[in-house]
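Along the sequence shown, residues are numbered consecutively beginning with 1.
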Amino acid sequence: MSVAKNTDFFCHFNRAFFQGDRQFIEEHISENVVWTIVGSQSITGKQAFLDAAFGVEDGYRDVDFSIELSVATNGEAAVKGTMKKNGLAGEQKIYSYCDFYVMETEHSEKVKELTTFMIQIKE
């Protein structure tokens with residue numbers, strides 16, 4: 001997979017996550033994927049990942065987001081952006097995030113590790 005294709009893949013993965021495309025995510029994560037959201041307990045395994053990403057009432061659906069930077073090389077990548085979503089009380093929350101990806105192999109299209117750094121931005 002070329003660097004350009006890697007960058008496109010990770011932007012697509014990021015969009016699929018925020019747009020609720022469970023099928024794309026499911027097809028592109030390994031069985032033993034580990035998702036670490038810094039400051040929280042790691043999530044291990046495909047089903048646990050899918051449950052965390054898509055199985056909660058206030059999950060990552062209907063989120064406005066932008067990707068500001070995407071870099072990829074040798075089976076690893078980073079995607080930086082912002083997202084806006086409504087909180088449970090209807091107030092808008094804005095977050096800055098950075099996701100770091102590690103693939104099963106350099107030429108794989110399956111994510112084996114995802115580390116997310118996210119912070120709420122106060123306006």
Side-chain angles (χ1 to χ4, degrees):
M1 190 183 308
S2 71
V3 172
K5 187 173 178 187
N6 271 335
T7 301
D8 291 344
F9 171 82
F10 293 105
C11 287
H12 188 173
F13 190 96
N14 212 253
R15 274 191 303 279
F17 190 88
F18 286 129
Q19 294 174 346
D21 186 350
R22 180 185 174 113
Q23 181 178 347
F24 181 86
I25 300 298
E26 189 169 358
E27 290 172 1
H28 293 95
I29 57 174
S30 71
E31 289 298 325
N32 297 316
V33 64
V34 176
W35 183 17
T36 303
I37 302 171
V38 175
S40 301
Q41 187 172 6
S42 293
I43 297 162
T44 303
K46 184 179 239 181
Q47 191 58 54
F49 184 103
L50 294 169
D51 290 346
F54 302 106
V56 293
E57 188 83 16
D58 65 337
Y60 295 99
R61 293 178 293 272
D62 299 322
V63 174
D64 289 329
F65 69 98
S66 64
I67 296 172
E68 298 164 4
L69 177 68
S70 178
V71 294
T73 186
N74 300 326
E76 296 185 359
V79 177
K80 181 183 110 179
T82 58
M83 69 177 203
K84 298 176 185 177
K85 67 183 269 183
N86 290 330
L88 296 176
E91 75 286 4
Q92 187 176 65
K93 295 184 178 185
I94 302 170
Y95 299 89
S96 182
Y97 70 91
C98 189
D99 290 329
F100 293 91
Y101 298 88
V102 178
M103 306 305 281
E104 284 185 325
T105 67
E106 183 176 341
H107 300 288
S108 172
E109 288 194 0
K110 290 203 182 254
V111 174
K112 75 172 184 178
E113 293 176 27
L114 171 58
T115 302
T116 299
F117 291 85
M118 185 169 57
I119 186 168
Q120 185 174 354
I121 304 300
K122 303 288 183 185
E123 290 188 295

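Residues Ala52 and Ile43 share a closest heavy-atom pair of CB-CD1, 3.5 Å. Closest approach of Phe17 to Ala53, counting heavy atoms only: CE1-CB, 3.5 Å. Annotation for Ser30 and Glu104: closest pair CB-OE2, 3.0 Å, computed over non-hydrogen atoms. Taking all atoms of both residues into account, the shortest heavy-atom contact from His12 to Phe24 is CE1-CE1, 3.4 Å. Minimum interatomic distance between Met103 and Glu109 (heavy atoms only, all atoms of both residues): CE-C, 3.5 Å. Between Val33 and Glu113, the shortest heavy-atom contact is CG2-N, 4.4 Å.
The aromatic ring centres of Phe13 and Tyr101 sit less than 6.0 Å apart.
Residues Thr82 and Ser96 bring no donor and acceptor atom of their side chains to less than 3.5 Å of each other. Using a 3.5 Å distance cut-off with no hydrogens or angles, the side chains of Trp35 and Ser42 do not pair a donor with an acceptor.
Residues Ile25 and Leu50 are in side-chain contact: their nearest non-hydrogen atoms beyond the backbone lie under 4.5 Å apart. Taking the side chain as every heavy atom from C-beta outward, Lys85 and Phe65 never approach each other to under 4.5 Å. The closest side-chain heavy-atom distance from Leu114 to Asp99 is below 4.5 Å. Under the 4.5 Å side-chain criterion, counting only non-hydrogen atoms from C-beta, Lys84 is not in contact with Tyr95.
Grouping the Ile, Leu, Val, Met, Phe, Trp and Tyr side chains by contacts below 4.5 angstrom, directly or via other members, places Met118 with Phe54. Follow the hydrophobic side-chain contacts under 4.5 Å out from Phe49 and you reach Phe18 in the same cluster.
Within 6.0 Å of the CD atom in Glu91, the count of heavy atoms belonging to other residues, nucleotides or ligands exceeds 12. Counting heavy-atom neighbours within 6.0 Å of Ile121 CD1, excluding the residue itself, gives a total above 12. Residue Gln92 qualifies as enclosed at atom CD: its count of foreign heavy atoms under 6.0 Å is above 12.
Ser70 OG to Asp8 CG: the interatomic distance, rounded to the nearest 0.5 Å, is 8.0 Å. The structure places SG of Cys98 at 12.5 Å from CD1 of Ile119, a figure rounded to the nearest 0.5 Å.
Note on Glu68 versus Lys80: salt bridge recorded, some NZ/NE/NH1/NH2 to OD/OE distance being below 4.0 Å. Residues Glu31 and Lys46 are paired through a salt bridge, judged by an N-O separation under 4.0 Å between the basic side chain and the carboxylate.
A side chain to side chain contact (heavy atoms under 4.5 Å, CB included) with Phe10 holds for exactly one of Val71, Val79, Ile67; it is Val79.
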**Message:** Apply side chain to side chain contact (heavy atoms under 4.5 Å, CB included) to residues Ile37 and Tyr97 and explain how you reach the verdict.
**Reply:** CA-CA 10 Å; Ile37 302 171; Tyr97 70 91; over 6 Å; no
**Derivation of the side chain to side chain contact (heavy atoms under 4.5 Å, CB included) call for Thr36 and Thr116** = CA-CA 6 Å; Thr36 303; Thr116 299; over 6 Å; no
